[in-house]
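Just below is one structure, and these are the notes that go with it.
Note that these values count all heavy atoms, side chains included, but never hydrogens, waters or copies made by symmetry. Everything quoted here is computed from the prediction, not taken from an experiment.
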Amino acid sequence: MTDRTADSATAAGTHRTVLLRGGEVHSPADPFATAMVVERGHIAWVGSEGAADAFAQGVDEVVDLAGALVTPAFTDAHVHTTSAGLALTGLDLSGARSLQDALARVRAYADSRPADRVLLGHGWDAARWPERRAPRREELDRATGGRPLYLSRIDVHSAVVTTALLDLVPGMSDLRTEADEPLIRDAHHAVRAAALDAVTPAQRAEAQRAALDRAASLGIGSVHECGGPGISSAEDFTALLELAAGRPGPRVFGYWADRDLAQAKALGAVGAAGDLFVDGALGSHTACLHAPYADAGHSGTGYLDAHAVAEHIAACTEAGLQAGFHAIGDAAISAVVEGARAAAEKVGLARVRAARHRVEHAEMMTPATIAAFAELGLTASVQPAFDAAWGGENGMYADRLGIERARTLNPFAALLKAGVPLAFGSDAPVTPLDPWGTVRAAAFHRTPEHRISVRAAFAAHTRGGWRALGRDDAGILVPGAPADYALWQTEELVVQAPDDRVARWSTDPRSGTPGLPDLTPGRDLPVCLATVVGGREVFVRPQG
């Protein structure tokens with residue numbers, strides 16, 4: 001892409017008419033499109049290079065794509081924006097190779113931030129370390145010089161802390177505070193609240209800008225913020241929405257995970273949904289299971305039962321709001337299904353389906369719960385990177401559940417076959433913002449029978465996120481759709497044939513299917529050259 005392309009994207013704004021030509025435009029309106037017209041923040045036309053000549057004299061700018069691929073911008077359907085930004089700007093332990101490496105990073109970070117009232121870190125995963133254990137409190141006390149530290153596990157459902165942080169939490173002696181065990185449930189919620197309360201408005205804004213800028217640089221045009229009591233705060237939520245509305249960047253749609261519908265509406269949330277916890281997470285042994293964990297003598301933790309789920313879905317349906325829940329374990333998902341059915345009996349199945357209520361993560365599905373999702377119109381808001389990180393016979397899932405149960409997790413192919421709507425996200429900072437990596441993870445699932453085509457995965461990460469919001473007119477490059485798109489430097493495009501073999505892109509009709517990058521593991525992922533939201537350039541990669 002040339003300098004002129006970048007300058008043109010900047011100049012376009014939302015009221016100029018721009019013709020992009022000389023590239024590959026991923027559009028179902030024309031699988032061989034090489035040009036596109038953007039007018040007043042929307043797609044006005046897509047078509048061939050020859051037909052583009054008719055528009056050249058009537059536009060404000062002509063952009064030479066120089067062979068770049070143009071696709072709809074990605075939607076990340078599950079993000080914790082401030083936490084993701086703090087991981088970018090603060091202490092990120094996701095790359096720590098061992099316990100000792102993690103402690104060394106904590107020590108260096110503490111030395112570099114002498115003015116911070118509370119040190120914040122994220123991303124440790126003892127399942128990946130040779131020591132196979134979390135940092136002990138006395139080790140963290142030494143590493144920080146006795147300062148307050150909150151260090152969340154990769155799944156953000158447990159944490160290790162220093163003694164000094166516990167001293168800031170009233171009533172901590174009444175909660176579970178064993179020195180050598182990560183804090184979970186109420187104890188974790190209490191220390192997390194204390195740690196987040198210590199974040200200043202300036203730190204919060206810095207983190208939010210960092211996360212949104214990173215998203216834009218990766219071709220992400222919109223994110224679903226998943227906030228709620230105990231996850232963030234009302235101040236954090238409203239500050240993010242205000243920040244996003246006042247600067248160029250990805251659109252932010254806020255979900256507030258609270259059963260108080262008046263509060264959700266007052267905060268400007270699009271749904272009383274997101275991480276309204278029915279259970280916890282597998283890594284922290286808090287996902288709620290029908291049968292005990294393979295490596296623990298219990299079945300996890302349930303926070304909401306089917307009755308509470310039913311009440312919330314019925315109330316949201318009546319109020320015209322989306323309901324939604326965090327549910328990972330099979331028992332938690334069963335509670336959601338049972339509750340949704342009860343709500344449908346009360347307010348009507350058609351109304352429940354029309355509301356497009358959603359379930360976050362939905363990992364331990366069974367044929368019965370998959371069928372129920374389809375029947376009830378529930379959207380599965382899922383994170384393929386979870387399988388890439390923790391799937392396989394030697395992964396964390398197998399440790400927690402045993403190999404056979406672990407192989408059932410994240411059954412994307414079965415969900416699609418049943419007609420369950422999919423929306424892809426990262427759950428950042430649990431896994432990084434990485435849209436093409438997410439598409440690759442779904443297409444090359446560690447359990448082959450759960451794999452889906454690159455085309456289906458791409459749709460789930462673009463149009464699927466918009467449909468999860470109740471919008472069917474976006475996430476696709478067709479006339480009338482919002483002009484949210486990204487430009488990519490990539491290798492030759494391919495089309496996935498019906499038998500899942502990858503064939504080279506050619507002039508063969510192939511049922512009118514446009515090509516996508518070859519995401520075979522080992523190949524380079526596409527590089528984002530520019531991201532445009534509503535016809536306005538929000539990111540352009542520097543030249544050279």
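Between the CZ atom in F373 and the OG1 atom in T379 there is a gap of 9.5 Å [rounded to 0.5 Å]. Once rounded to the nearest 0.5 Å, the distance linking CZ of F386 with CZ of R446 reads 14.5 Å. Note that the CG atom of L321 and the CD1 atom of I313 stand 13.0 Å from one another [nearest 0.5 Å]. A distance of 6.5 Å separates OG in S426 from CD1 in I220, rounded to the nearest 0.5 Å. In this structure, D387 CG and F444 CZ are separated by 13.0 Å, a value rounded to the nearest 0.5 Å. With values rounded to the nearest 0.5 angstrom, R440 atom CZ is found 9.5 Å from R523 atom CZ.
Not one N or O on the side chain of R358 forms a donor-acceptor pair closer than 3.5 Å with the backbone of L378. In terms of modelled atom types and a separation under 3.5 Å, the side chain of S453 and the main chain of A456 share a donor-acceptor contact. Side chain of E49 to backbone of A52: no donor-acceptor contact under 3.5 angstrom is found. Between the side chain of R463 and the backbone N or O of D472, at least one donor-acceptor pair lies under 3.5 Å. Although no hydrogens or angles enter the test, the distance criterion places a donor-acceptor pair under 3.5 Å between the side chain of Q322 and the main chain of R356. Within the 3.5 Å criterion, the main-chain N or O of A216 finds a donor-acceptor partner in the side chain of T531. Side chain of R341 to main chain of L376: no donor-acceptor pair is present (N/O by atom type, distance under 3.5 Å, no hydrogens or angles). Judged by distance alone, the side chain of H445 and the main-chain N or O of T447 form a donor-acceptor pair under 3.5 Å.
When side chains are defined from C-beta on, V63 does not count as touching L19, because their heavy atoms never get closer than 4.5 Å. Side-chain atoms of V532 and D484, non-hydrogen and from C-beta on, never get closer than 4.5 Å to each other. The shortest side-chain heavy-atom distance between I43 and V37 does not fall under the 4.5 Å cut-off. Annotation: side chain of I328 is in contact with side chain of L282 (closest heavy-atom distance under 4.5 Å). Side-chain contact between L525 and L519 is present, with at least one heavy-atom pair separated by less than 4.5 Å. Using a 4.5 Å heavy-atom threshold, the side chains of F55 and V62 count as separate. The shortest side-chain heavy-atom distance between V270 and W256 does not fall under the 4.5 Å cut-off. The shortest side-chain heavy-atom distance between V223 and T75 does not fall under the 4.5 Å cut-off.
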Could you walk me through whether M365 and L415 pass side-chain contact (heavy atoms from CB on, under 4.5 Å), step by step? CA-CA 9 Å; M365 303 290 291; L415 286 162; 4.0 Å; yes

Show your reasoning for whether side-chain contact (heavy atoms from CB on, under 4.5 Å) applies to C226 and I231. CA-CA 8 Å; C226 291; I231 302 168; over 6 Å; no

Between F412 and H450, does the ring pair (Phe, Tyr, Trp, His ring centres under 6.0 Å) criterion hold? Intermediate values first, please. CA-CA 5 Å; F412 305 137; H450 299 329; 7.8 Å; no

Please determine whether side-chain contact (heavy atoms from CB on, under 4.5 Å) holds for the pair M36 and V70, giving the CA-CA distance in whole Å, both sets of side-chain angles, and the decisive distance to 0.1 Å. CA-CA 9 Å; M36 182 172 78; V70 185; 3.9 Å; yes

Evaluate side chain to side chain donor-acceptor pair (under 3.5 Å) for D275 paired with H80, printing each intermediate quantity in order. CA-CA 10 Å; D275 278 331; H80 303 284; 3.0 Å; yes

Is there a side chain to side chain donor-acceptor pair (under 3.5 Å) between D125 and W390? Walk through the geometry before answering. CA-CA 11 Å; D125 186 359; W390 302 305; 3.2 Å; yes

Check step by step if side-chain contact (heavy atoms from CB on, under 4.5 Å) holds for D53 and R21. CA-CA 10 Å; D53 292 335; R21 64 186 306 175; 2.7 Å; yes

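For the residue pair T317/H357, the side-chain donor-acceptor check at 3.5 Å is satisfied. Side-chain atoms of N410 and H361 include no donor-acceptor pair closer than 3.5 Å. No side-chain donor-acceptor contact under 3.5 Å links D427 and Q383. A donor-acceptor contact closer than 3.5 angstrom links the side chains of H78 and E360.
A salt bridge between D258 and K265 is absent, with no side-chain N of the basic residue lying under 4.0 Å from a carboxylate O of the acidic one.
Every side chain to side chain contact (heavy atoms under 4.5 Å, CB included) that T82 has, sequence neighbours left out, goes to L86, R204, A207, Q208, D236. Evaluation of the ring-ring contact (aromatic ring centres under 6.0 Å, His included) rule for H26 yields F458 as partners, not counting sequence neighbours.
Smallest separation of non-hydrogen atoms from S232 and G227: OG-CA, 3.7 Å. Here the closest heavy-atom approach between residue P429 and residue A87 is recorded as CB-CB, 4.0 Å. When all heavy atoms of A68 and L529 are compared, the pair lying nearest together is CB-CD1, 4.0 Å. Between V538 and P248, the closest heavy-atom pair is CG1-C, 3.9 Å. The two residues A344 and V352 come nearest to each other via the heavy atoms CA-CG2, 3.8 Å. Contact record, S27 with V46: OG-CG2, 3.6 Å, taken as the closest heavy-atom pair.
Aromatic ring centres of H224 and Y255 lie closer together than 6.0 Å. Taking the six-membered ring for Trp and the full ring otherwise, the centers of F325 and H312 sit less than 6.0 Å from each other.
Sparse packing is recorded around CD of E242, with 12 or fewer heavy atoms of other residues, nucleotides or ligands lying under 6.0 Å away. Enclosure of atom CZ in R251 by more than 12 non-hydrogen atoms of other residues, nucleotides or ligands within 6.0 angstrom is indicated. Within 6.0 Å of the CG atom in D524, the count of heavy atoms belonging to other residues, nucleotides or ligands does not exceed 12. Heavy-atom neighbours of E393 CD from other residues, nucleotides or ligands within 6.0 Å: at or below the threshold of 12. For CG of N394, the number of neighbouring non-hydrogen atoms (other residues, nucleotides, ligands) closer than 6.0 Å is 12 at most.
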